[in-house]
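Written out below as structure tokens is the structure these notes cover.
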Amino acid sequence: MVTDKPAYDQLIDYLTTSKSIFLNTTAPVTDMPTVETLIEEELSEQIITLCTQQEALEPNHRAIIVREVDGIVYDIQQVLAEYWTNHATEEQAEFIHEFAGLIKNVFDSAIVELLD
């Protein structure tokens, strides 16, 4: 495993306690992507950035990272299942962007330890 498990668990706990952000009390904004699409796009961008910045990563490390990200998306989907196909609000989009950055930070920290 590349990620730091305790730090990752804290992020999932943070997501769980922040679910109220996904309670959409206003009419759906259909020109916004769905929560699912935003999460997939944001995590993809962060992982591409991570792999670009970490030139010392070997191809097998990159493959492990991609597998772990698939698992992370699954975990996020489990937490946000009831909101997964809803169109996101601006506030939700900002949260997802920040959350994806936090996930990248967990990978960054773990990779530094891996490559030392």
Side-chain angles (χ1 to χ4, degrees):
M1 175 174 251
V2 176
T3 56
D4 176 4
K5 181 88 170 110
Y8 174 69
D9 289 343
Q10 288 178 338
L11 280 179
I12 293 300
D13 288 344
Y14 172 63
L15 176 63
T16 302
T17 60
S18 300
K19 275 178 66 169
S20 62
I21 292 170
F22 293 90
L23 292 173
N24 199 355
T25 57
T26 60
V29 182
T30 56
D31 62 335
M32 286 291 289
T34 63
V35 169
E36 174 186 18
T37 300
L38 275 175
I39 288 170
E40 290 173 351
E41 288 175 356
E42 289 290 338
L43 280 175
S44 296
E45 287 177 26
Q46 292 294 339
I47 297 309
I48 289 169
T49 300
L50 172 85
C51 290
T52 302
Q53 292 171 340
Q54 301 289 345
E55 296 174 1
L57 282 176
E58 297 176 11
N60 63 321
H61 292 137
R62 294 173 197 267
I64 291 168
I65 290 169
V66 169
R67 281 195 304 273
E68 286 191 32
V69 170
D70 284 344
I72 290 168
V73 170
Y74 177 80
D75 291 345
I76 294 170
Q77 181 182 14
Q78 295 305 302
V79 173
L80 300 178
E82 60 198 285
Y83 313 109
W84 198 243
T85 58
N86 293 353
H87 290 274
T89 65
E90 288 295 327
E91 179 185 24
Q92 293 165 354
E94 288 175 29
F95 177 85
I96 291 168
H97 176 75
E98 291 172 11
F99 190 77
L102 293 172
I103 290 172
K104 179 188 176 288
N105 290 345
V106 170
F107 275 98
D108 280 331
S109 297
I111 289 169
V112 167
E113 290 179 25
L114 176 73
L115 297 178
D116 279 348

Please report the C-alpha distance between R62 and Q54 in whole Å, then the side-chain angles of each, then the deciding distance to 0.1 Å, and finally whether the side chain to side chain contact (heavy atoms under 4.5 Å, CB included) criterion is met. CA-CA 10 Å; R62 294 173 197 267; Q54 301 289 345; 5.9 Å; no
Check the pair L23 / Y83 against side chain to side chain contact (heavy atoms under 4.5 Å, CB included), numbers first and verdict last. CA-CA 8 Å; L23 292 173; Y83 313 109; 3.2 Å; yes
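Every residue meeting the side chain to side chain donor-acceptor pair (under 3.5 Å) condition with D108, not counting sequence neighbours, appears here in chain and number order: K104. Under the side chain to side chain donor-acceptor pair (under 3.5 Å) criterion, E82 pairs with K19, sequence neighbours left out. Remark: F99 engages F95 in a ring-ring contact (aromatic ring centres under 6.0 Å, His included) (not counting sequence neighbours). Residues that satisfy the side-chain contact (heavy atoms from CB on, under 4.5 Å) test with A63, not counting sequence neighbours, are R67.
Distance CG/N86 to CE/M32: 12.0 Å, rounded to 0.5 Å. Note that CG of L15 is 13.5 Å distant from CD of Q10, once rounded to the nearest 0.5 Å.
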In residues 39-52, what donor-acceptor pairs under 3.5 Å come from side-chain atoms, sequence neighbours left out?
residue	atom	partner	partner atom	Å
E42	OE1	H97	ND1	2.8
S44	OG	E40	O	2.7
T49	OG1	E45	O	2.9
T52	OG1	I48	O	2.7

Just distance, no hydrogens or angles: give the donor-acceptor pairs under 3.5 Å from side chains in residues 70-80, sequence neighbours left out.
residue	atom	partner	partner atom	Å
D75	OD2	Y8	OH	2.6

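Taking all atoms of both residues into account, the shortest heavy-atom contact from T85 to T34 is O-CG2, 3.5 Å.
When hydrophobic clusters are built by joining Ile, Leu, Val, Met, Phe, Trp and Tyr residues whose side-chain heavy atoms come closer than 4.5 Å, directly or via intermediates, I64 is not grouped with V66.
Taking the side chain as every heavy atom from C-beta outward, F107 and E68 approach each other to under 4.5 Å.
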